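One structure is given below, encoded as structure tokens.
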Amino acid sequence: MGMSSMHRITLSAKNRSRGTGNTMLLPSMLMFGVIVASSGLLLMIEKGILAEMKPPPLHPSTKELFWRRTGRTTGDTDYQVLQDIRNRTIHTICRQKNMPRTIWDLSAGQRRTVLKHILVSDKHRFLYCYVPKVACSNWKRILKVLDGVLENIDVKVKMDHKKDLIFLNDMKSDEIRYRLNHYFKFVFVRDPMERLLSAYRNKFGEIKEYQLKYGIEIVKRYRKNPGKSKGDDVTFSEFLRYLLDEETEKMNEHWMPIYNLCQPCAVKYDFIGSYGRLEEDANFVLERVQAPTFIHFPERQTWYKPISPETLHYYMCNTPRELIKELLPKYILDFSLFAYSLPNVTSQFCQQ
């Protein structure tokens, strides 16, 4: 299924969703791999899934995940299944006709976006594609410690997201090719709706710059009586309506889909870490790149307010169901490639 085909299916599903009241149900994690492989995901979203489905047999490919090749065994069967599904769905979707095989297959704009999001450590020979709202500030801090810019990760200093960091976009074509072919490449991902909620609460609840730049415009565009809003009272539904109308490739990086930011079909990542297992996966990466033993992944700050399942449940169930259904196709590659379950907003679930 090429990008053009995916786009046509997305538009078709989006148009159909406006004229139906069908319920959207939650596929299990194992069902998800089957659905994606059969290219029927968006149709499943529209019709809902009621029957339990057995997963296909898990046959590891000849090029297994890096943690398995190095003998990493945690005894966590569920997580191994998740990694297998990610590997297989990425392989299945990315091998389809018209999908990019390398970054040179991307448009100039797409290539510029991904190269601007890949950080380089020549000393430790790795590439890290940073995704905003997926602990990227802490990874940038680690890179600065590895390069000797910061003494240690606990230094109290405001993070400069550009200074003293090397991006793949800063390099020449032959230098880019060499690093993509020879360096260890990793990315960390997060549940798409959880990431959007995190961006919404942070940017419109705490950052005046975003309230002025985006908030005021969103209120004017989607509220019948905007009044004299300062952009600090944007509702989650208004935010999602704004995303629905935005062109994906021109989105702000904090809510641009991970697929567009890191292009996992064009860049063959050796490891995909999960926000839900941040400390364990981060420590594995640090071991893999042979970081000094005194470097550990930073603990969450005391002021940080995590998105709990209850918080996500509240926002999802208090958002118009049709709005969520229309927005899902925009982030469908994030759900499918990284094996995240679709949000369950059925009446039965929301009454819990």
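Computed from a prediction, not measured in an experiment: that's the story for all the values here. Values reported hereafter were calculated over all heavy atoms of this structure, with side chains retained and with hydrogens, waters and symmetry mates removed.
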Parallel, tilted or perpendicular: which fits the ring planes of Phe271 and Phe284, with parallel below 30° and perpendicular above 60°? tilted

* Asked: Side chains of Phe188 and Cys136: closer than 4.5 Å at any heavy-atom pair?
  -> no

Worksheet item: Within the side chain of Asn225, is there an N or O that forms a donor-acceptor pair under 3.5 Å with the backbone of Gly227?
Response: no

Output for pair (Ser198 OG, Met193 CE), nearest 0.5 Å, gives 12.5 Å

Hits for ring-ring contact (aromatic ring centres under 6.0 Å, His included) against Tyr222, two or more places apart or cross-chain, chain-then-number order -> none

Check your understanding: Taking the side chain from Asp281 and the backbone from Tyr275, do they hold a donor-acceptor pair closer than 3.5 Å?
Key -> no

Sequence neighbours excluded, the answer for salt bridge (Lys or Arg N to Asp or Glu O under 4.0 Å) partners of Lys228 is none

* Asked: Ile295 and Ile142: side chain to side chain contact (heavy atoms under 4.5 Å, CB included), yes or no, with the steps?
  -> CA-CA 8 Å; Ile295 296 180; Ile142 286 176; 4.2 Å; yes

Taking Gln83's backbone N and O only, do any of them form a donor-acceptor pair with Asn87's side chain (distance below 3.5 Å, no angle check)?
no

Hey, does Cys265 have a side-chain heavy atom less than 4.5 Å from the side chain of Asp105?
no

By ring-ring contact (aromatic ring centres under 6.0 Å, His included), His254 pairs with (sequence neighbours left out) Tyr210

field: Single-linkage hydrophobic cluster Tyr269~Trp104, side-chain heavy atoms < 4.5 angstrom
entry: yes

### Message
Just so I know, are the side chains of Val187 and Pro264 near enough to count as touching, which here means a heavy-atom distance under 4.5 Å?
### Response
no

CG (Leu127) and SG (Cys262) are apart, to the nearest 0.5 Å, by 11.5 Å

When every non-hydrogen atom of Leu106 is compared with those of Arg111, the smallest separation belongs to O-NH1, 2.9 Å

Test item: Arg321 side-chain N/O and Val345 main-chain N/O as donor-acceptor pair under 3.5 Å
yes

Lys330 side chain to Leu244 backbone, donor-acceptor under 3.5 Å: yes

- [ ] Answer with yes or no whether the hydrophobic clustering places Ile207 together with Ile216; edges join I, L, V, M, F, W, Y residues whose side-chain heavy atoms lie under 4.5 Å apart.
- [x] no

Sorted by chain and number, sequence neighbours left out, disulfide bond (SG atoms under 2.5 Å apart) with Cys317 holds for Cys350

Partner of Trp139 under ring-ring contact (aromatic ring centres under 6.0 Å, His included), picked from Phe186, Phe126, Tyr130, is Phe186

Check: More than 12 non-hydrogen atoms from neighbouring residues, nucleotides or ligands closer than 6.0 Å to CD on Glu279, yes or no?
Finding: no

Between the CH2 atom in Trp255 and the CG atom in Leu196, the distance rounded to the nearest 0.5 Å is 9.5 Å

Checklist entry - Are any of the side-chain heavy atoms of Met316 and Phe236 separated by less than 4.5 Å? => result yes

Exercise for the section: Determine, step by step, whether Arg177 and Thr102 satisfy the side chain to side chain donor-acceptor pair (under 3.5 Å) criterion, reporting the C-alpha distance in whole Å, the side-chain angles of both residues, the deciding distance to 0.1 Å, and the verdict. Expected result: CA-CA 10 Å; Arg177 285 190 176 90; Thr102 72; over 6 Å; no

*Do Arg86 and Tyr340 meet the cation-pi criteria used here (NZ or CZ under 6.0 Å from the six-membered ring centre, within 45° of the axis)?*
yes

Those residues at least two apart in sequence (or on a different chain) that pass side-chain hydrogen bond (donor to acceptor under 3.5 Å, both in side chains) with Gln211 are none

CG (Leu278) and CG (Asn283) are apart, to the nearest 0.5 Å, by 9.0 Å

(message) More than 12 heavy atoms of other residues, nucleotides or ligands under 6.0 Å from CD of Glu175: yes or no?
(response) yes

Verdict with reasoning, Ile272 to Ile90, per side chain to side chain contact (heavy atoms under 4.5 Å, CB included):
CA-CA 11 Å; Ile272 299 176; Ile90 289 175; 3.5 Å; yes

Pairwise side-chain contact, Val219 with Asp233, heavy-atom cut-off 4.5 Å (strictly under):
yes

Is it true that a side-chain atom of Asn318 and a backbone atom of Tyr314 form a donor plus acceptor pair closer than 3.5 Å? yes

Which side-chain N or O atoms in residues 165-174 pair as donor and acceptor under 3.5 Å with protein atoms at least two apart or in another chain?
{"from": "Asp170", "atom 1": "OD2", "to": "Phe167", "atom 2": "N", "distance (Å)": "3.1"}

(message) Looking at Thr311 and Ile307, would you say the former's side chain and the latter's main chain have a donor-acceptor pair under 3.5 Å?
(response) no

**Prompt:** Should the pair Phe204 and Tyr214 be assigned to parallel (<30°), tilted (30 to 60°) or perpendicular (>60°) ring geometry?
**Reply:** perpendicular

Review point. When hydrophobic residues are tied together by side-chain contacts of less than 4.5 Å, even through go-betweens, does Phe294 share a cluster with Val285?
Key: yes

Sorted by chain and number, sequence neighbours left out, salt bridge (Lys or Arg N to Asp or Glu O under 4.0 Å) with Lys185 holds for Asp270

Review point. Judged by atom type as modelled, is there a donor-acceptor pair below 3.5 Å linking the side chain of Ser274 to the main-chain atoms of Arg277?
Key: no

Side chains of Val131 and Arg190, heavy atoms from C-beta outward: is any pair under 4.5 Å? no

Hits for salt bridge (Lys or Arg N to Asp or Glu O under 4.0 Å) against Glu217, two or more places apart or cross-chain, chain-then-number order -> Arg221

Across all chains, not counting sequence neighbours, the ring-ring contact (aromatic ring centres under 6.0 Å, His included) partners of Phe349 are His313

To the nearest 0.5 Å, atom CZ of Phe297 lies from atom CG of Leu286 at 8.0 Å

Residue pairs meeting salt bridge (Lys or Arg N to Asp or Glu O under 4.0 Å), one or both in residues 115-132, sequence neighbours left out, come to Asp122-Arg179

Sorted by chain and residue number, the ring-ring contact (aromatic ring centres under 6.0 Å, His included) partners of Tyr242 (sequence neighbours excluded) come out as none

**Study point:** Heavy-atom donor-acceptor pair, Arg101 side chain to Arg95 backbone, under 3.5 Å
**Key:** yes

Verdict with reasoning, Asn252 to Lys213, per side chain to side chain contact (heavy atoms under 4.5 Å, CB included): CA-CA 11 Å; Asn252 180 282; Lys213 183 176 181 179; 5.6 Å; no

By side-chain contact (heavy atoms from CB on, under 4.5 Å), Pro320 pairs with (sequence neighbours left out) Ser237, Arg241, Leu323

- Using 30° and 60° as the class limits, which term best fits the ring planes of His182 and Tyr178: parallel, tilted or perpendicular? parallel

Within the side chain of Arg223, is there an N or O that forms a donor-acceptor pair under 3.5 Å with the backbone of Ile218? no

Leu243 vs Leu327 side-chain heavy atoms within contact, under 4.5 Å: yes

To the nearest 0.5 Å, atom CD1 of Ile118 lies from atom CD1 of Ile176 at 9.0 Å

In terms of heavy-atom contacts, Tyr183 and Ser121 come closest through CE2-O, 3.8 Å

Report task. Applying side chain to side chain contact (heavy atoms under 4.5 Å, CB included), run through Leu312 and Leu197 and close with a yes or a no. Result -> CA-CA 8 Å; Leu312 186 62; Leu197 180 55; 3.9 Å; yes

